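Since the structure is predicted, the reported quantities are computational estimates derived from the model, not experimental observations. Side chains are part of it too, since the values below use all heavy atoms of this structure and drop only hydrogens, waters and symmetry mates. Chain A is the first sequence line, chain B the second, and so forth, proteins listed ahead of strands; every chain is numbered from 1.
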Amino acid sequence: MDYKATLNLPSTAFPMRADLARREPEQLARWEQARLYEKIRASSQGRRRFILHDGPPYANGHIHIGTALNKILKDIIVRSRQMAGYDAVYVPGWDCHGLPIEHNVDKELGDRKRALSLAQVRQRCRQYAERFIAIQREEFKRLGVMGDWERPYLTMDPRYEAIIARECLHFGLSGDLVRSRKPIHWCFTCRTALAEAEIEYEEESSPSIYVKFPLEGPPEGMSPELAGRRLVAVIWTTTPWTIPANLAVALHPDYAYVAVEGDPGEAWLIARDRLAPCLQAFGRSGARVLGAIDPRRLEGLRCRHPLSGGDSLVVLASHVTLDAGTGCVHTAPGHGREDYDVGRRYGLEAYSPVDDDGRFLPEVPEFGGLAVFEANPRILQALRARGSLIHAETYTHSYPHCWRCKRPVIFRATPQWFIAMDKNGLRRRALEAIDRVRWIPAWGRERIYGMIQNRPDWCVSRQRAWGVPIPVFTCEGCGALVLNEAIADHVFRLFCAHGADVWFEREAGELVPAGTRCPACGEERLRKESDILDVWFDSGVSHAAVLEEREDLGWPADLYLEGSDQHRGWFHSSLLTAVGTRGRAPYEAVLTHGFVVDAEGRKMSKSLGNVIAPKEVIDRFGAEILRLWVAASDYRDDIRISETILSQLSDAYRRIRNTCRFLLGNLYDFEPARHAVDPPAMREIDRLFLHRWQRLVEKARRAYGEYEFHSIFHGLHNFCANDLSALYLDILKDRLYASAAGSPLRRSAQTALYLLLEGLTRLVAPILPFTAEEIWRHLPSRPGREESVHLASLPEPDPLWTDPELAARWEPVFRVRTEVTRALEQARAEKRIGQSLEAQIVLEAADELYVQLRPFAAELPAVFIVSAVDLRRGEPPGAVPGEEGAAAPVSVRVEPAPGRKCARCWVFDPEVGTFPDHPDICPRCRRALEESA
RNA sequence: GGGCCUGUAGCUCAGUCCGGUUAGAGCGCACGCCUGAUAAGCGUGAGGUCGAUGGUUCAAUUCCAUCCAGGCCCA
C-alpha cells in the first residue's frame, strides 16, 4: 500500500522562488488598480495623525542609492505607523528651482539662450524639472514607497511659490531681511555672478608681491631690540589689484611671530615659521632677528596703507596659514570670503571699489577706470615708487575661471539680501527651539546647535533666473525699501494666481497696489528686486507651504527624516524660517541616517568606480532585497553596500520566505473559523511557541516605535531560523503529516501555525510589503479579514499567549535537546545511525532535572525527533559525550531504536508488524487511518 | 585645519552608558545527515590580540588620552 498518499504533506501554490524583479511590478499594478492607497486613507479617517514630512529631493537626475535608502526608511516608518493605528499620510515633494537645473538648461540651450526672454528660460527650467519629477516618481514607486504620488508638492507650484514670497516678506516686515554687501565670484566678461558650481579651477600665473604695512605708533612693551625701529607688517598677495581695497592685516592668534631687521629703521613682522623662506626670497637670508612678537598684543593697532595712507587694522584670524606668505595676511573684506568674515567680526565694511566690468571706480586715486588685471603692474609700480614693495615674483597657482567664457573671475562685493541672525534674536530663539526637539541620534542636537551658534547671517539672494524672486521694491528716488502689509498681501495674491512668473512679466508698478508711494520721499516710481531667493529658503518653508496648507496634514510635523548632511541643509533652513515666523521648530523630532558607502567604508564616487545604482539592485535582486538591506542596517551610522552584503540578504530573504511557505503548505486544509482549536485545548508545545512569538511581537513593536528596524530584522530572522525552522517546525512535521487530517492534534498545530503566519505577515509588511501581500493572498482567510495586509494592523502582544510559567517548565527540555542532538551527531559520525528516527535515547538525569523532565516523558521522542526515549533517574557518570569535565546533570546514550520502521511515519515501533490488516505500520498510524476513513 | 560621528568574527548586528565568569546571535564557510519544506530542510564544527598605542585600575572591548582608518558638515 502507498502510505505516502495517506499523509498530510505540505501543499501550496506560493512559489518557492520569489522572482521579485518580475512579480513586484505586477503587485504594484494590482495595488494601483485596487486604489489601495485611497482605501488606506479612507480606513484611517479620524485616527490620530502621524506626519512624516518629506524633505524634497532635487528634481534633477535619476535617484541614487542614498535617495533610495532615504525613501525606503521613510516608507518603513510611514507603513509601520499606519499599521500601528495612526493615520500616516505621506506627501512626497520635489525641490524644483535652483542653479543645477538652470545650469543644465543653459547647457542644452547653448547660444540659443540669448534669443530667449527670462520668462522663456524659466519655462524651459520648469519643463526640465517636470521631466525628472516624472522619472523619479516612477523610481520611487518601484521601490514600493507608498504615498500620495498623484498629489505631491512641488516648490514650483504657483501656490507654493506664493508662500515662499509671503514667508520671505514676513522677514521683510519684521525687519530681519536686510541688505548688505558681500563678496561673490563675479565674471566681468559675462557680467554675472557665479556660484561655486559654475567655477572651474585652472592653473594661472599671477604676480606674487610682498608689501610693507608699517604699524602706527610705537609697539609698547616690545623687545628693547626694537627701540628706535618702526614695526612693519609684511604682507603677501597674488592679487595686487585688491591692495586699494585693503582694510586690515590678519595675524594668527596662536602662531609665533618675530621682528626681523629690515630696511634701515624698520623691523619686519613675519611668522617665525615663514621667516626662512621669506628672507631667502628677499635675498636677505642673514637678516638679524630682533625679537619675538605676541600677535595678540597687536590686535586693534593700525597700519598705514601703503597707497592711500589710510588705516589698515591689525586683526586676528584663524584662517591664516603657514603654507605660503608671511603669516601676515592682506585682508580686503570686499574681495575675499575669509576676508569678509574677518571683516565682519571687526566691523569693517565690504569695500570693493570695482564695477560690473571689473574696472576700478573713479573714486580710486591713480587707478580709477582701469581694469583690475591691467592695474596689477601699475600698482606694483606705485608700491615700488613709495618704497613699500619688498619683493615681487611670478607665482603659479590654481585660480577660479568662468565655466562659460573660461576667463579668470574675481571676488567682488555686491549688494545682497540677508536674514539677520541677531538683529531680532533669531539665533537665540533658534537655539532655544533646538532644545525642544527630539534629535535621533542624540548627537544631532550638538551638531545643529554648533552650526546655528556659529553661522553668519543667512545670505538669501542669488543673481539667477530660475527661482522665486525676493519680492521687494525699492524707491527709485531715495533707494528706501518700500514694504508694508498691503504690498505683501498684494504680491502674495498675484503669485497665487500667476506663480512667480508674474514678477518677471510685469513692471514694478503693476505689482503693487494702485497708488503705492515711497513712504520716505513720496516717489511713485519703484524698482522691483531682480535677485531670486536661495533655494534653501524654498524648501525651508515647506512646513508653511505644505504642512499648513494641506487639509490632510498639520503643523508641526511629527518627524523630519534625512541624511545627516541636512543638519546644515533642510533641518537648518526649516528651523530658521519656522522660528523666525512662528516661534518654534516645524518638527517634533528629527531623525538622521548616514551615508551609503562601499564594502570598505569608502564613499561612493564615479572616480573610485564603486557606485551601486538602485536600478541594478532592483533588476538583479528585487526592491524587497534593497528594502531588507535598509531594514537590516543600523542606518544611524554610515551603511555599507556590496555584492556580498546583497547576496547575504538574499539568503536571509529566502529563509524568511521559505519559512512562510512551509507554514502556508501546512495550512492548505485549514479554515480558521471552522478548525481553530481553543487555546486551552491546544498542545502545550503549540502554546509555547506562540508564547515565544509574543516576545518577538513585543520587541518588534517597540523597535518600530523607536525606528530601530535592524533589531526587527535580526529578531525576525532568528525567530524564523531558530525557533521555527530548526526547532518547532522540525518537531511538528511528524504530527502534521502523520496525524489524521482533522484530528485535534493536527488542528492544534495548524492553529498555532496560522496565528504565527498571520502575525508574521503583518509584522513584516512595513519592511517587505510585496512579499507580505503575496503571503496574505495565499493565507487561509477568515470572515471580515482586510483585503490587503496593508489595511491590517501590526500584531499586538496578546496576554492570552503570554505564559512565562509554561516557558520556564519547557526550558530544561530544550536544554537537554541540545545535548541529544550533539550525541546523535556523534552516533552519525560513527555510522551508527543515519536519520535520527533510527535512534532511541537513554537519558540519565540527576534528581532535579529528572523531576523537571518527567512530565514530558511522552513528548520527548517527538521533541528530539527520535523513535523512543528512555528517561531514567540516576547520577550521570560525570562526563557527557561531547562535553569536557563539567558535570552536566544528564548523560545521553544513543541506541538503535527498538522495533521496526513504520512504513507510513518512519518512526520505529515494536508493534510494527502486529497488525494483520496493516503489517508495515505502527499503532498510531493505524488509528490515524481509521480516523480518516 | 575645525565641529560632529563611526571602527566587536568573512558579512549584518548584540554586548560597552553603570569596568569583573571561557565576548554572543544569525548568515556565510567546513564536514556530515536527510530526500515527505527539495534550486529546500536538519545537525556538528572551525572563525574574534573587541582599529592601534599609551594611561587610570587589583581588573579595560567597556573609562581617559593620543594616533590610524573612514564618513558628514565647514574651512
Side-chain angles (χ1 to χ4, degrees), chain A residues 3-5 7-12 14 16-17 252 318-323 337-338 341 441-451 453-455 563-569 572 592-604 628-629 631-634 636-652 654-655 657-666 708 710-711 713-722 725-727 729-731 733-734 736-738 818 820-829 831 833-838 865 882 886 904-906:
Chain A
Y3 289 111
K4 183 169 172 177
L7 292 170
N8 315 296
L9 293 177
S11 161
T12 176
F14 184 85
M16 176 178 273
R17 278 180 47 82
H252 197 293
S318 52
H319 73 269
V320 175
T321 70
L322 298 172
D323 301 339
R337 272 297 302 276
E338 289 151 332
D341 290 336
W443 50 258
R445 187 253 174 211
E446 316 307 322
R447 203 167 141 89
I448 194 165
Y449 198 92
M451 288 172 178
Q453 204 163 27
N454 296 317
R455 70 156 300 146
S564 59
D565 55 334
Q566 299 303 327
H567 285 119
R568 166 67 59 182
H572 193 111
T592 53
H593 61 252
F595 277 67
V596 184
V597 293
D598 71 11
E600 275 75 47
R602 254 177 283 273
K603 70 166 139 195
M604 299 210 158
L628 204 55
W629 165 69
S633 311
D634 184 354
R636 290 165 297 196
D637 196 2
D638 289 335
I639 73 176
R640 298 177 184 222
I641 193 166
S642 69
E643 196 73 27
T644 315
I645 292 170
L646 287 168
S647 70
Q648 175 183 238
L649 286 162
S650 296
D651 289 340
R654 267 204 298 280
R655 166 55 65 129
R657 184 180 178 90
N658 274 328
T659 304
C660 293
R661 180 170 184 269
F662 182 74
L663 295 175
L664 281 174
N666 285 291
E708 291 177 0
H710 64 281
S711 76
F713 167 79
H714 283 282
L716 174 78
H717 190 247
N718 275 341
F719 187 73
C720 285
N722 290 344
S725 207
L727 220 49
L729 301 182
D730 213 26
I731 291 168
K733 283 173 197 168
D734 174 76
L736 286 166
Y737 300 169
T818 314
V820 171
T821 53
R822 195 172 301 161
L824 286 168
E825 186 59 24
Q826 191 161 342
R828 205 170 276 137
K831 305 288 179 199
I833 58 165
Q835 59 166 306
S836 57
L837 285 175
E838 292 165 28
I865 318 181
R904 184 167 176 272
C905 71
W906 296 351

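Among the heavy atoms of the strands, none lies under 4.0 Å from A/Gly450. Using a 4.0 Å heavy-atom criterion, one finds that A/Ile645 contacts the sugar-phosphate atoms exclusively. Residue contacts for A/His714: at a heavy-atom cut-off of 4.0 Å it reaches a base atom on one of the strands shown. Contacts of A/Glu600 with the nucleic acid, taken as non-hydrogen atoms under 4.0 Å apart, are absent. Across all strands shown, A/Arg445 has no heavy atoms under 4.0 Å from either base or sugar-phosphate atoms. If you check every strand for non-hydrogen atoms under 4.0 Å, A/Asn454 touches nothing. Within 4.0 Å (heavy atoms only), A/Ala829 reaches no atom of the nucleic acid at all. When heavy atoms are screened at a 4.0 angstrom cut-off, A/Lys4 is found touching base atoms of the nucleic acid. Counting any heavy atom pair closer than 4.0 Å across all strands shown, A/Gly594 reaches no nucleic acid atom. If you check every strand for non-hydrogen atoms under 4.0 Å, A/Asn718 touches sugar and phosphate atoms only. Using a 4.0 Å heavy-atom cutoff across all strands shown, A/Ala726 reaches sugar-phosphate atoms only and no base atom. Counting non-hydrogen atoms under 4.0 angstrom, A/Thr12 reaches nothing in the nucleic acid.
Taking side-chain N and O atoms only, A/Lys831 has no distance below 4.0 Å to OP1 or OP2 of B/rG32. OP1 or OP2 of B/rU38 has at least one side-chain nitrogen or oxygen of A/Arg661 nearer than 4.0 Å. Phosphate contact (OP1/OP2 of B/rG41, side-chain N/O of A/Arg655, threshold under 4.0 Å): present. Note on A/Ser725: a side-chain N or O is less than 4.0 Å away from OP1 or OP2 of B/rC42. A close approach under 4.0 Å does occur between a side-chain nitrogen or oxygen of A/Gln835 and OP1 or OP2 of B/rU35. Side-chain N/O atoms of A/Thr644 include none lying less than 4.0 angstrom from OP1 or OP2 on B/rG10. When the side-chain nitrogen and oxygen atoms of A/Lys603 are compared with OP1 and OP2 of B/rC72, one or more of them lie within a distance under 4.0 Å. Taking 4.0 angstrom as the limit, A/Arg337 places a side-chain polar atom (N or O) nearer than this to OP1 or OP2 of B/rA75. The phosphate of B/rA14 (OP1 or OP2) has a side-chain N or O of A/His710 nearer than 4.0 angstrom. The side chain of A/Tyr737 contributes an N or O atom lying less than 4.0 Å from OP1 or OP2 of B/rA37. An OP1 or OP2 oxygen of B/rA37 is reached within less than 4.0 angstrom by no side-chain nitrogen or oxygen of A/Asn666.
A/Trp629 contributes a side-chain N or O that, together with a main-chain N or O of A/Arg640, makes up a donor-acceptor pair within less than 3.5 Å.
Taking atom P on both B/rU8 and B/rU62, the two are 13 Å apart, rounded to the nearest angstrom. Separating the P atom of B/rG3 from that of B/rC17 is a span of 26 Å, rounded to the nearest Å. Look at the P atom in both B/rA9 and B/rU61: the space between them is 14 Å, to the nearest Å. Taking atom C1' on both nucleotides, B/rC11 is separated from B/rC73 by 30 Å, rounded to a whole Å. For the C1' atoms, the distance linking B/rU66 with B/rA59 amounts to 23 Å, nearest Å. B/rU6 and B/rC64: their P atoms are spaced 12 Å apart (whole Å). Spacing between B/rG70 and B/rA30 at atom P, rounded to whole Å, works out to 33 Å.
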Decide side chain to side chain contact (heavy atoms under 4.5 Å, CB included) for A/Leu663 and A/Leu729; before the verdict, give the C-alpha distance in whole Å, the side-chain angles of both, and the deciding distance to 0.1 Å. CA-CA 9 Å; A/Leu663 295 175; A/Leu729 301 182; 3.7 Å; yes
Test log, rule salt bridge (charged side-chain N to carboxylate O under 4.0 Å, His left out), inputs A/Asp565 and A/Arg568: CA-CA 6 Å; A/Asp565 55 334; A/Arg568 166 67 59 182; over 6 Å; no
With salt bridge (charged side-chain N to carboxylate O under 4.0 Å, His left out) as the criterion, how do A/Arg822 and A/Glu825 come out once you've worked through the C-alpha distance, each side chain's angles and the decisive distance to 0.1 Å? CA-CA 5 Å; A/Arg822 195 172 301 161; A/Glu825 186 59 24; over 6 Å; no
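In this model, no side-chain donor or acceptor of A/Ser711 finds a partner on the base of B/rA14 within 3.5 Å. One N or O donor and one acceptor, one from the side chain of A/Arg447 and one from the base of B/rC72, sit under 3.5 Å apart.
Residue A/Trp906 and nucleotide B/rG36 are classified as a stacked aromatic pair, their ring centres being separated by less than 5.5 Å at an interplanar angle below 30°.
In this structure, A/His710 and A/His714 have perpendicular ring planes: the angle between them is above 60°, well past the 30° mark.
Base orientation for B/rG47: syn, the chi torsion being within 90° of 0.
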